[in-house]
Each structure stands twice: as C-alpha cells, then as structure tokens.
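Below: one structure, written as structure tokens.
Being a predicted model, the structure only gives us computed values, none of them experimental. Atoms within each ligand, like the ligands themselves, are counted from 1 in listed order.
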Amino acid sequence: MKKQTKIWLSSPHIGAKELEYVNDAFISNWVAPVGPHIDSFEQELSRISSGYNVAALSSGTASIHLALILIGVQQHDDVLCSTFTFSATVNPIKYLNANPILIDSEEDTWNMCPDLLEIAIKKGISRNKKPKAIIVVHLYGMPAQINKIVAIANKYNIPVIEDAAEALGSTYNSQPLGTFGDFGVYSFNGNKIITTSGGGALVSKNKEMIAKARFLATQARDKAPHYEHSEIGYNYRLSNISAAIGLGQLEILNQRVLKKREINKYYKKELSSIKQVSFLDEHKGSFSNFWLTTILLDKNSAIDREYLRLKLAKANIESRPLWKPMHLQPVFKECKFYVNGVSEQLFERGLCLPSGTNMADEDIKRVIRIIKCIYEA
Ligand SMILES: *Cc1c(COP(=O)(O)O)cnc(C)c1O
C-alpha cells in the first residue's frame, strides 16, 4: 500500500506576500540584522499589541533572557515559573545562574495556579528571599488566569514576564496576551502560529526598557565612533530578511487564528461522542488562538496516550504528548517546585493533535477516522 502523506503537528504556512517583502529586502540590500523591514515589523506588531513598544529579536528564548536581565535578575535570585511549559521558558533563568522555582497548573486553563503562586511567594518572603520575577506561560495559546496572577504579583510588587510564545493572537477580556505583565514574549519559530523562520519579540509598555533591550541585543555598543562597551552585550537582533517574512505573516495572522479555531471546533464536534476523550474549553473572558488542539484521555480509559500516539504515527500522522512538566525533567531535578499533580496528569493523559492551518479537510478527516476507529474497535 502506498504510504499516505505525512500530517504534521503544526508546520509553517506561508501566505501571498512574504516572498515579495523578502525580495524587497534583497533588492535594497538590507541583508543584515538591521533595516527597514525590522522597523516596520516592530510597528505592525506594536499595532496589534495595544500599541506597546516592541523589540524584534532572534528568538523567543532570547526575549525571555533579555527580559530577566532588564528586570535585574542575578545569580542566586529566585524566579517563579510555570512548570507546565517548554524548556525554553526556564533555560534563560539558568543562563543567569538564578534559581527557577516551578509552579504547577490549575485545571481550568492548564496554566499557572494562582494559589500555588501565592504560597510560593509567601514562602520565599518568610525565608527572607522574595522572588525576583514571575514567568507565566499561556500554553497552547490558552490564556492563563492572568488577571489573578498579575493582581498577586502587584500585591507583592514582583515583575511579571508573560511567555506568550504560543499565544500570539489570543486575548483576555479583549486585551492581547503579552500586554498584561511588565514584559511579554512572542516566538516566530517555524512551528508557531506565524513564523519568521526563526525569531521572537519582547514587548512592554515601558519605552526605555525596550530601547535598552535593542541596545543589549546589538552587542551593547556605547555611543562612540569606535567600538566602546561598558556593559556585556548579546547578538540577539532579528535579521531584516526574517522580519520581511514576518511582515507578510502578520498580515494573515487573523486568518490563521480563525483557521486554528475552526480546526479545534471540528475536532470537538467529531470526537465529543467518544466519552473517554475530553477537550480544554475557554474560560470566561478568554479567547484562545488554539495554536494546538489538545485532548485529554479519561483516567480509566483502557486506551492510553502512547497507544493512541503510536497508532497515529503508524498512519504517518504526527501527534505529541502534552509537554512534560519541568519539575519532572532530569535537567531541572535540583529545582524547587510547588506541585498539585495537575501537570503530571496532563502529561500522562494528554495528546496534541495535528493542528496545522495548511492541513487539507481530508487530512483532518483522516486523523479523526483513525481515532474513532481505535475507540470503536
Ligand atoms: C517556542 C517556545 C519558546 C521559545 O521560543 P523560540 O523562538 O523557539 O526560542 C518559549 N516558550 C514557549 C512556551 C514556547 O513554546
């Protein structure tokens, strides 16, 4: 039998204008980490981020790193961080030789539990070690309980970084994610809702901070005709070519969000008849970009997550377990954590389904057919 075409979890989906903008960049010879496309990309991104200031950077990871530096996180400082995330959220804390303290999820959004967050803050203060920053993640595009988290952070006067790498286009009470905390982070890696082939952005209401981010991202060069440095710099700027791709992608972001939501709705409609399978719903005020559609298998389901994943793989369909929590990762085994079992259960029983906006209708039907087939067998 002929092998069926591969269905990916979420692959790049290029629109009509990207190549034209890249061509402009080539013709004008702005093939560098500086140029007019970067400026336009920052302006366009700012327009959809409540008019906040934007620094276009080489990755989401670099953006988190700079946010921590700008907050003043140093060696031995404690940083509270969602445990249910991708490792790139936590790694920059370690780049600074600071200590990640990992906070578990709540069941309504699968994101940081506000109660555990406050417990961790109080514990830190009681030990005379107030956490220096909070990194809250909006995983799979689903808004965390961001109003509660920001209120707690404000009560104790601790800066918040929102890792919205997976959540561009998501909102809470109509406000874009990434604009609630002191800093917001986006990623334009190849698997994200829009891509620049690789890239990221740091956003903030604070104009000076974003100017400082650009300075640090371009090797911290002081104003002088020669090369003069009084601070450690980084090579973290986005390339003008990548920004040109990003300009085209931003034009179709809304279309991509609508399509992702359509995909989610379709899976839900088709699979809700299987009683062992459940979905994550939006809570009041939240609007998800549904970057990936995720399912959770019942505790008592005879079919486990790996069985389902391998069956899909056999049919040349990529799926992936929900992200393995950071407190269970060998590399972070020394880190402190505050857990309630939620993220561990999500990892055990959850699966991300193919959610690419460039999937054909027939592709998604093929995924659904196989899942139904497994449960009807
Ligand atoms: C992708 C991702 C990042 C890192 O972004 P890069 O641009 O790949 O460096 C950070 N956090 C989360 C939650 C992500 O999904």
Side-chain angles (χ1 to χ4, degrees), residues 8-12 33 41 45 54-69 79-95 100 102-105 109-112 133-144 146 149 160-170 177-178 181 183-203 213 217 234-239 242-243 245-246 249-250 260 280 288-294 320-327 329 331-332 343 346-347 350 352 355-356:
W8 300 95
L9 207 57
S10 182
S11 68
F41 183 62
L45 196 54
V54 175
L57 301 172
S58 54
S59 70
T61 311
S63 309
I64 296 170
H65 190 193
L66 287 188
L68 291 167
I69 291 168
V79 176
L80 305 177
C81 179
S82 305
T83 195
F84 189 50
T85 187
F86 179 62
S87 64
T89 312
V90 188
N91 285 335
I93 303 171
K94 297 296 276 184
Y95 300 167
L102 304 164
I103 310 289
D104 214 332
S105 305
T109 76
W110 296 0
N111 289 309
M112 184 184 271
I134 297 165
I135 309 181
V136 52
V137 182
H138 304 287
L139 213 63
Y140 309 121
M142 183 60 74
I146 191 66
I149 285 164
V160 173
I161 301 167
E162 279 180 88
D163 180 346
E166 301 178 2
L168 185 66
S170 299
L177 298 187
F183 290 99
V185 168
Y186 300 123
S187 166
F188 311 110
N189 207 324
N191 58 350
K192 298 301 193 314
I193 190 156
I194 60 167
T195 181
T196 59
S197 75
L202 186 63
V203 308
Y234 301 84
N235 184 3
Y236 277 174
R237 200 68 163 129
L238 187 70
S239 128
S242 300
I245 301 172
Q249 289 271 283
L250 276 181
K260 291 276 191 191
L280 177 64
S288 174
N289 68 7
F290 283 109
W291 171 57
L292 294 181
T293 285
T294 55
R320 186 167 293 146
L322 295 188
W323 299 180
K324 183 175 179 177
M326 293 303 119
H327 70 278
Q329 298 286 356
V331 68
F332 297 125
S343 63
L346 293 171
F347 171 59
C352 303
S355 307

Tell me which protein heavy atom sits closest to atom 5 (O) of ligand 1, plus the residue, atom name and distance to 0.1 Å.
S187 OG, 3.3 Å

With nothing but distance in play, are any N or O atoms of D163 less than 3.5 Å from an N or O of ligand 1?
yes

With a 4.0 Å cut-off on heavy atoms, is G199 touching ligand 1?
yes

Option of least heavy-atom distance to atom 4 (C) of ligand 1 (set: S63, S82, G141, A88)
A88

Which part of S59 is near ligand 1, with near meaning a heavy atom under 4.0 Å away: side chain, backbone, both or neither?
both

Is any side-chain heavy atom of S82 closer than 4.5 Å to a side-chain heavy atom of I135?
no

Residue pair V136 / N111, side-chain heavy-atom distance below 4.5 Å:
no

Applying side chain to side chain donor-acceptor pair (under 3.5 Å), name anything that partners W323, two or more places apart in sequence or on another chain.
E166

Is the shortest side-chain heavy-atom distance between S10 and K260 below 4.5 Å?
yes

For T85, which residues count as a side chain to side chain donor-acceptor pair (under 3.5 Å) partner, sequence neighbours excluded?
T89

Identity and distance of the protein heavy atom lying nearest atom 9 (O) of ligand 1:
T61 OG1, 2.5 Å

Protein residue, atom and distance nearest to atom 8 (O) of ligand 1, heavy-atom basis:
N189 ND2, 2.8 Å

For F86, is at least one N or O under 3.5 Å away from an N or O on ligand 1?
no

Report the C-alpha separation of Y234 and Y95 in whole Å, then their side-chain angles, then the decisive distance to 0.1 Å, and conclude whether the ring pair (Phe, Tyr, Trp, His ring centres under 6.0 Å) test is met.
CA-CA 13 Å; Y234 301 84; Y95 300 167; 9.4 Å; no

protein heavy-atom neighbour closest to atom 2 (C) of ligand 1 works out as K192 NZ, 3.0 Å

Of all the non-hydrogen atoms in the protein, which one sits nearest to atom 15 (O) of ligand 1, and at what distance?
E166 OE2, 2.5 Å

